[in-house]
Q: 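Structure incoming, see below.
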Amino acid sequence: MALPVKCLPLGFRLMASPIRVLTAVPICDGHDSAINTINLEFIRHGIEVIYLGYHRSVGDIVRAAIQEDVRAIGISSYNGGHIEFFAAVMDLLRKKGADDIKVFGGGGGTITHEDAAIMKGKGVDEVFFAGTSLDEMVKFVHQRYGKPRGKRSRAKSPDHELAHKLTKIEDAYASGSRKRLTLNAQRSTSKSQTRHQTSNTKHQTSEVIGFTGPGGAGKTTLIDELVLRFLNHNPKGRIAILSHDPSVVGEGALLGDRATMINSQDDRVFMRSMATRGQAGGLSPATHDCLALLAQSNFDYVIIETVGTGQEAMPFQKNGIVDLTVLVMNPDYGSRLQLQKIVMLDLADIVVVNKSDLQRARTAHTEIEQRLEQNRRSQKLIDTVAKRHRDPGVDRLFDLVSNKSVAAVSERRTKQERRFESAATAKKKEK
């Protein structure tokens with residue numbers, strides 16, 4: 001039976017923020033059964049797991065670990081070459097100035113005790129063998145990585161520094177020293193609140209696009225395809241992704257969007273995974289401030305993806321940090337009556353019917369189109385098959401997003417300038 005968190009060793013206290021670890025399977029290794037079991041056990045004991053997936057290179061693993069600012073990397077290796085692979089991960093962490101991120105792992109019967117001794121001699125924290133209980137693994141992670149971080153060395157790269165800042169924001173919310181905000185918080189017209197709220201967007205340099213929709217609609221795959229088109233279209237451009245997954249009530253979270261993202265494994269893409277940590281609406285308590293920071297960090301685009309949402313969800317507020325909202329649906333939403341209940345159909349700038357190769361897709365397009373006509377505003381409806389290579393629907397979406405987001409940013413900046421001018425005029429009158 002699994003060891004509950006409350007039964008951890010005496011004297012041990014959980015820190016305010018959950019432990020975050022990255023798990024992955026090395027390149028040329030497709031054995032993911034063991035790591036999936038371990039991930040689930042970690043989640044049950046309050047650990048947030050960023051799962052990178054299998055067949056991942058040293059560069060992919062280290063890049064993700066730094067961006068996610070995890071405490072440790074857990075590697076499951078069943079294909080041999082473990083001594084060299086683990087050493088290469090640690091060498092690259094040191095080279096990047098991220099040697100505070102530790103490494104542990106295992107490989108069933110593949111890794112011998114002699115191999116483990118060599119690996120530990122090179123700095124690997126722990127190697128688990130066949131027969132090691134899940135309880136032992138959980139206990140190790142909590143005891144080794146559950147203590148607050150000490151003084152951190154200065155980040156060597158802008159991405160590394162950005163990751164540290166995002167962690168500070170999340171930690172502040174987790175400890176209660178920062179008040180919870182949501183992207184759909186109503187904006188007051190009072191002078192004090194106007195000054196506070198414009199501070200987040202005053203220095204916004206990026207075009208921010210919000211993606212939402214029910215679970216299983218294919219949001220992550222669609223975003224990954226858009227990232228590919230952006231990277232090809234703009235050889236020097238950079239993009240950031242703020243991805244969300246639900247926390248298990250009172251427990252950890254599986255942050256698994258990276259596992260399905262292939263094109264986003266690129267040095268020009270900064271990705272951060274966040275757990276909802278008890279907040280409803282598809283976002284995290286710290287989302288607003290984290291998104292504001294990313295929007296001020298000189299990315300060309302910032303994409304924010306909510307968890308799978310329901311009918312009532314309204315995660316992005318008009319006139320907020322998000323410039324453009326995309327609702328992703330699949331054709332199997334139920335009867336036409338269900339469409340009347342989906343709030344985001346009233347608010348989204350673009351509605352995407354993904355998986356449009358399914359049998360009901362044509363009917364879904366017609367019904368959604370009729371539903372959007374009732375709104376009497378300029379909304380676009382696009383059909384896509386995100387899993388299909390070079391899908392023309394995704395091409396059209398990319399062109400539309402590019403054009404619409406530029407227009408939205410221009411409008412936002414004009415409004416900001418007017419607000420600042422009004423504020424300056426009011427200040428002069430007060431004097």
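Predicted model, so just to flag it, every value in this text is computed and none were measured.
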Q: By the salt bridge (charged side-chain N to carboxylate O under 4.0 Å, His left out) test, which pairs, at least two apart or in different chains, include something from residues 78-93?
A: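 Passing the test, one end in residues 78-93: D91-R94.
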Q: Please determine whether side-chain contact (heavy atoms from CB on, under 4.5 Å) holds for the pair L345 and L327, giving the CA-CA distance in whole Å, both sets of side-chain angles, and the decisive distance to 0.1 Å.
A: CA-CA 7 Å; L345 281 171; L327 171 64; 3.7 Å; yes
Q: Looking only at heavy atoms, what is the nearest atom pair of A275 and S247, with distance?
A: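 Minimum heavy-atom separation between A275 and S247: CB-OG, 3.3 Å.
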Q: With no hydrogens and no angle check, is any side-chain donor or acceptor of N39 less than 3.5 Å from a backbone partner on I35?
A: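 Between the backbone of I35 and the side chain of N39 there is a qualifying donor-acceptor contact (under 3.5 Å).
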Q: Does any non-hydrogen side-chain atom of N79 lie less than 4.5 Å from one of F85?
A: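 A side-chain contact is absent here, since even the closest heavy-atom pair is not under 4.5 Å.
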Q: May I ask you to test the L226-F230 pair for a side-chain heavy-atom distance under 4.5 Å?
A: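 L226 vs F230: side chains apart.
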Q: When you measure from the side chain of D266 to the backbone N and O of R268, does any donor-acceptor pair fall under 3.5 Å?
A: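 Yes, the answer is positive, given that a donor and an acceptor are paired below the 3.5 Å cut-off.
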Q: Are the side chain of H45 and the backbone of E41 linked by a donor-acceptor contact shorter than 3.5 Å?
A: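 Such a contact is found between H45 side chain and E41 backbone.
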Q: Run the salt bridge (Lys or Arg N to Asp or Glu O under 4.0 Å) check on E136 and K139 step by step: do they pass?
A: CA-CA 5 Å; E136 287 180 68; K139 185 178 178 181; over 6 Å; no
Q: Return the set of residues passing salt bridge (charged side-chain N to carboxylate O under 4.0 Å, His left out) with E48 (not counting sequence neighbours), or none when no residue passes.
A: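 For E48, the residues satisfying salt bridge (charged side-chain N to carboxylate O under 4.0 Å, His left out) (neighbours in sequence not counted) are R20, R277.
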Q: For residues 350-358, which side-chain N or O atoms pair as donor and acceptor with protein atoms under 3.5 Å away, sequence neighbours left out?
A:
from	atom 1	to	atom 2	distance (Å)
N354	OD1	T384	OG1	2.8
N354	OD1	A386	N	3.1
N354	ND2	A217	O	2.9
K355	NZ	G216	O	2.5
S356	OG	T384	O	3.0

Q: Enter the distance from T306:OG1 to D245:CG here, rounded to the nearest 0.5 Å.
A: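 Atom-to-atom, T306:OG1 and D245:CG are 10.0 Å apart.
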Q: For the residue pair G106 and V127, what are the closest heavy atoms and their distance?
A: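 Smallest interatomic distance, heavy atoms only, reads CA-CG1, 4.4 Å.
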Q: Could you walk me through whether E161 and K156 pass the salt bridge (Lys or Arg N to Asp or Glu O under 4.0 Å) check?
A: CA-CA 7 Å; E161 183 180 4; K156 277 190 174 182; over 6 Å; no
Q: Would E170 and S17 count as having a side-chain donor-acceptor pair, cut-off 3.5 Å?
A: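 The criterion, which ignores hydrogens and geometry beyond distance, is not satisfied for S17 and E170.
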Q: Passes salt bridge (Lys or Arg N to Asp or Glu O under 4.0 Å), D332 versus R360? Steps please.
A: CA-CA 7 Å; D332 298 319; R360 197 181 177 278; 5.4 Å; no
Q: For T366, which residues count as a side chain to side chain contact (heavy atoms under 4.5 Å, CB included) partner, sequence neighbours excluded?
A: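 With neighbours one apart ignored, the set is Q370.
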Q: Would you call R149-D171 a salt bridge at under 4.0 Å N-O?
A: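 Not counted as a salt bridge, because no side-chain N and carboxylate O are separated by less than 4.0 Å.
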Q: Hey, are E68 and R258 close enough for a salt bridge, meaning a charged N less than 4.0 Å from a carboxylate O?
A: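 Answer for the salt bridge query: yes.
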Q: Are side-chain heavy atoms of V141 and F104 found at a separation under 4.5 Å?
A: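 Touching, per the 4.5 Å side-chain cut-off.
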Q: For K387 and T221, indicate whether the former's side chain and the latter's backbone hold a donor-acceptor pair under 3.5 Å.
A: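 Such a contact is absent between K387 side chain and T221 backbone.
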Q: S297 versus L293: any side-chain heavy-atom pair under 4.5 Å?
A: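 Heavy-atom side-chain distance check passes, below 4.5 Å.
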Q: Determine whether the side chains of T287 and H244 contain a donor N or O and an acceptor N or O closer than 3.5 Å.
A: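 Judged by distance alone, the side chains do pair up.
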Q: List in chain and number order the residues that pass salt bridge (charged side-chain N to carboxylate O under 4.0 Å, His left out) with R371, two or more places apart in sequence or in another chain; answer none if no residue qualifies.
A: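 Only D346 meet the salt bridge (charged side-chain N to carboxylate O under 4.0 Å, His left out) criterion with R371.
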Q: Are T23 and I38 packed together at the side-chain level, in the sense that at least one heavy-atom pair is separated by less than 4.5 angstrom?
A: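 The answer is no, as the side chains (C-beta and beyond) never meet within the 4.5 Å cut-off.
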Q: M271 and Q67: which non-hydrogen atoms are nearest, and at how many Å?
A: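 Closest heavy-atom pair between M271 and Q67: N-OE1, 3.0 Å.
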Q: Do V227 and I239 come close enough that some side-chain heavy atom pair is under 4.5 Å?
A: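 Yes, their side chains come closer than 4.5 Å.
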Q: Students often mix this up, so state it plainly: with edges at 30° and 60°, are the rings of F270 and F299 parallel, tilted or perpendicular?
A: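 Taking F299 first and then F270, their aromatic rings sit tilted (interplane angle of 30° to 60°).
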Q: Going through the distances and angles, do D159 and D267 end up as a side-chain contact (heavy atoms from CB on, under 4.5 Å)?
A: CA-CA 10 Å; D159 279 4; D267 287 334; over 6 Å; no
Q: Whether the side chain of S206 engages the backbone of D300 through a donor-acceptor N/O pair (distance < 3.5 Å, no angle test) should be reported.
A: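 Checking the backbone N and O of D300 against the side chain of S206, no donor-acceptor pair under 3.5 Å is found.
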Q: Taking side chain to side chain contact (heavy atoms under 4.5 Å, CB included) as the criterion, tell me which of P285, C290, S284 meets it with I169.
A: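 It is C290; the other options fail the test.
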Q: Would you name the heavy atoms of R390 and R229 that are closest together and state the gap between them?
A: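 Reported closest heavy-atom pair: CA-NH2, 3.7 Å.
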Q: Over all heavy atoms of both residues, which pair between A364 and Y333 is shortest? Give the atoms and the distance, please.
A: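 Heavy atoms of A364 and Y333 come nearest at CA-OH, 3.4 Å.
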Q: Could you check if a side-chain atom of M261 sits within less than 4.5 angstrom of a side-chain atom of I223, using non-hydrogen atoms only?
A: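 Contact flag for M261/I223 side chains = yes.
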Q: Within a radius of less than 6.0 Å around NZ of K120, do more than 12 heavy atoms belonging to other residues, nucleotides or ligands occur?
A: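 Yes, because the 6.0 Å sphere around NZ of K120 holds more than 12 heavy atoms from other groups.
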Q: Tell me if a side-chain donor or acceptor on R56 pairs with a main-chain N or O of A24 at a distance below 3.5 Å.
A: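 Looks like no, no N/O pair under 3.5 Å.
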Q: With side chains defined as the heavy atoms from C-beta onward, is the minimum distance between D69 and R272 less than 4.5 Å?
A: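 Yes, their side chains come closer than 4.5 Å.
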Q: Taking all heavy atoms of I111 and all of A116, pick out the closest pair and write down the distance.
A: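 The pair with the smallest heavy-atom distance is CG2-N, 4.1 Å.
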Q: Counting N and O atoms only, with roles assigned by atom type, does the side chain of E207 sit under 3.5 Å from a partner on the main chain of L324, one being a donor and the other an acceptor?
A: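 No.
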Q: Could you walk me through whether H55 and C28 satisfy the side-chain contact (heavy atoms from CB on, under 4.5 Å) test, starting with their C-alpha distance in whole Å, then the side-chain angles of each, then the deciding distance to 0.1 Å, before giving a yes or no?
A: CA-CA 5 Å; H55 189 59; C28 299; 4.3 Å; yes
Q: Dump the intermediate steps for salt bridge (Lys or Arg N to Asp or Glu O under 4.0 Å) on R63 and D60, then the final yes or no.
A: CA-CA 5 Å; R63 182 194 307 111; D60 287 347; 3.1 Å; yes
Q: I'd like to check the salt bridge (charged side-chain N to carboxylate O under 4.0 Å, His left out) partners of D391; sequence neighbours left out, ordered by chain and number.
A: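 Salt bridge (charged side-chain N to carboxylate O under 4.0 Å, His left out) list for D391, sorted by chain: R388.
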Q: One pair to check against side-chain contact (heavy atoms from CB on, under 4.5 Å): K102 and R144. What are the steps and the verdict?
A: CA-CA 10 Å; K102 304 305 180 182; R144 184 64 63 94; 6.0 Å; no
